[in-house]
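Report on one structure; see the data block that follows.
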Amino acid sequence: MTTGPRDYTSGTRAALAALSNGTCYYPGCTTPILTFIDGEPFINYEIAHIRDAKVGNRYDPDMVDDERRAFANLVLLCKPHHTLVDKTHPGRYAVQDLQLWKAEREAQGIAGLAGLRGLTEERLEEWIVAAVTSATDASSAAAVVGVAKAAAALASNVITSRAYVAYAATLWGRTWESARSSLLAWDPETGERLYAEPSANETDRHRRAVAAALATAIEQARGDVASVRTEVAGVRATSVVLRPWCDAVIRATDTLMEAAGRWPTPPPFEDDSLLSDAVDALNTAVDSLSAKWRNEDVPEPVAPEPPPEPKESEPERLFREHTELLDESRRYARARGLPYDRELALRLFDALPFASTIPPIPSLWPYCIDTTASLLADVARNATDQEFEV
């Protein structure tokens with residue numbers, strides 16, 4: 001059977017992988033020759049010829065195909081570097097350059113490989129696994145350290161920005177206390193001290209200031225959050241085992257950002273412990289990820305159960321349906337020429353008993369019995385005597 005310059009033997013492929021130290025031969029490139037996706041290994045390299053397989057910059061016409069496809073004439077390159085060397089800038093790289101890459105990369109392992117007798121593919125496979133594992137462990141370590149650094153930066157910046165939110169809340173508190181102390185009066189019936197409240201304009205001004213400080217804190221943290229997510233993605237790519245701990249870090253990051261975007265509704269104007277608790281939870285999640293990477297006995301984090309859907313109570317349902325009925329009827333109060341709607345009128349009539357239970361206070365006037373009866377009259381305004389009697 002005729003063989004060409006690219007009909008590499010399995011032994012040649014295995015030897016190249018074993019001596020590559022697990023990465024592309026291009027100087028300084030750390031791209032692994034194998035990548036793991038969902039726990040499955042995939043080849044992540046291309047075989048390149050030192051002296052070209054076909055006519056080109058490094059082609060040697062005196063070589064035969066057996067020599068061109070031999071181990072001595074081959075290196076492993078990642079796809080970008082293979083394209084760079086053979087297609088983008090073929091004139092930039094000479095035979096001597098690729099020979100030097102090969103010699104430097106294979107120097108550590110070539111002596112041991114040369115001393116082996118009866119070299120089998122199984123033995124070469126052991127070399128490959130060792131090389132890839134070493135490269136993967138190094139990548140995983142760098143990624144875990146990256147997560148720890150990014151999370152620390154996020155926590156530090158969120159805590160720093162909290163001081164500006166606290167200052168805005170303190171100014172609100174001072175205005176509130178000043179207004180309360182401005183009134184010196186007592187309830188004539190109970191004898192209790194009466195207090196004034198800040199004006200609506202003052203309250204809105206301070207509320208907007210606190211909201212603006214919170215929004216600024218969140219905006220400043222976005223870059224840190226993106227860094228945490230990027231570093232966590234790196235850990236997920238290098239280790240399937242660590243993915244549950246990666247998910248825990250992301251959940252803790254999201255919880256931290258939720259806490260950073262709120263302040264306890266004034267009054268009181270002091271901060272609560274939700275943000276500090278969220279920072280502690282993020283640190284714990286990162287520590288657990290690091291410990292698991294070190295093969296320590298760490299319990300696998302469990303995602304919390306989603307909160308139950310809020311259930312509508314019977315009074316809430318009745319009030320909601322009553323509000324919807326009134327909203328449906330209000331157009332009859334605005335347009336006096338609408339025709340009589342008997343079914344709507346009957347629904348309003350049946351709603352009168354419920355409307356009578358709504359307290360006659362200003363905030364509930366739009367829903368009380370007076371409003372309901374008035375809308376019933378509006379709906380029935382254009383009914384004839386015969387329609388009304390039916």
Side-chain angles (χ1 to χ4, degrees), residues 142-184 193-236 245-291 301 303-304 306-307 310:
V144 171
V145 170
V147 171
K149 289 181 177 179
L154 171 61
S156 175
N157 290 340
V158 166
I159 292 173
T160 299
S161 65
R162 196 69 167 177
Y164 298 97
V165 186
Y167 179 69
T170 298
L171 294 181
W172 190 353
R174 291 174 183 173
T175 299
W176 186 73
E177 290 291 349
S178 177
R180 282 171 61 85
S181 62
S182 66
L183 178 65
L184 189 62
R193 172 75 184 271
L194 298 178
Y195 297 95
E197 294 287 339
S199 68
N201 286 338
E202 283 290 320
T203 299
D204 288 343
R205 179 173 66 85
H206 285 295
R207 182 180 287 113
R208 289 195 300 270
V210 171
L214 289 170
T216 299
I218 292 297
E219 186 61 32
Q220 290 177 345
R222 292 191 190 282
D224 297 318
V225 172
S227 295
V228 172
R229 292 185 177 278
T230 299
E231 297 294 346
V232 169
V235 177
R236 288 180 61 87
W245 285 265
C246 290
D247 295 339
V249 171
I250 293 299
R251 288 196 298 269
T253 300
D254 293 341
T255 299
L256 175 60
M257 294 310 295
E258 290 177 7
R262 61 168 293 282
W263 187 273
T265 303
F269 296 90
E270 295 78 17
D271 199 0
D272 55 22
S273 65
L274 285 183
L275 181 64
S276 60
D277 290 346
V279 170
D280 291 343
L282 177 59
N283 290 335
T284 298
V286 173
D287 289 344
S288 296
L289 171 63
S290 301

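Count residues from 1 along the sequence.
Considering only heavy atoms from C-beta on, Leu183 stays 4.5 Å or farther from Tyr195 through its side chain. Val225 has its side chain within reach of Arg229: a pair of non-hydrogen atoms, C-beta onward, lies under 4.5 Å apart. Side chains of Pro267 and Trp176 form a contact here, defined as non-hydrogen atoms less than 4.5 Å apart. By the 4.5 Å heavy-atom criterion applied to side chains, Glu197 and Thr203 are not counted as neighbours. With a 4.5 Å cut-off on side-chain heavy atoms, Thr216 and Gln220 count as touching. In this structure, Asp272 and Arg262 have side chains that are in contact, with non-hydrogen atoms separated by less than 4.5 Å. Val210 places a side-chain heavy atom less than 4.5 Å from the side chain of Trp172. In this structure the side chain of Asp247 reaches within 4.5 angstrom of the side chain of Arg236, judged on heavy atoms.
Note: Ser273 OG to Asp271 CG = 8.5 Å, rounded to the nearest 0.5 Å. Going from atom CZ of Arg222 over to atom CG of Asn157 covers 14.5 Å, rounded to the nearest 0.5 Å. Summarising the geometry, atom CZ belonging to Arg162 is positioned 5.0 Å from atom CH2 belonging to Trp263; distances are rounded to the nearest 0.5 Å. Interatomic distance, CG of Leu282 versus CG of Asp287, reported as 9.5 Å (0.5 Å rounding). The distance from the CD atom of Glu270 to the OG1 atom of Thr170 is 8.0 Å, given to the nearest 0.5 Å. Rounded to the nearest 0.5 angstrom, Ile159 CD1 and Leu154 CG are separated by 9.5 Å.
In plain terms, the two heavy atoms of Arg180 and Arg193 that are nearest each other are O-NH2, 3.9 Å. The two residues Ala221 and Met257 come nearest to each other via the heavy atoms CB-CE, 3.6 Å. In terms of heavy atoms, Val228 sits closest to Ala151 at CG2-N, 3.7 Å. Closest approach of Ala196 to Ala179, counting heavy atoms only: CB-O, 3.4 Å. Closest approach of Ala155 to Val279, counting heavy atoms only: CB-CG1, 3.9 Å. Residues Ala252 and Ala285 share a closest heavy-atom pair of CB-CB, 4.2 Å.
Remark: Glu177 does not engage Arg174 in a salt bridge, criterion side-chain N to carboxylate O under 4.0 Å. A salt bridge does not link Arg251 with Asp254: none of the charged nitrogens is closer than 4.0 Å to a carboxylate oxygen.
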inquiry  = Between Asp204 and Arg208, does the side chain to side chain contact (heavy atoms under 4.5 Å, CB included) criterion hold? Intermediate values first, please.
reply    = CA-CA 6 Å; Asp204 288 343; Arg208 289 195 300 270; 3.5 Å; yes
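Judged by distance alone, the side chain of Ser199 and the main-chain N or O of Glu202 form a donor-acceptor pair under 3.5 Å.
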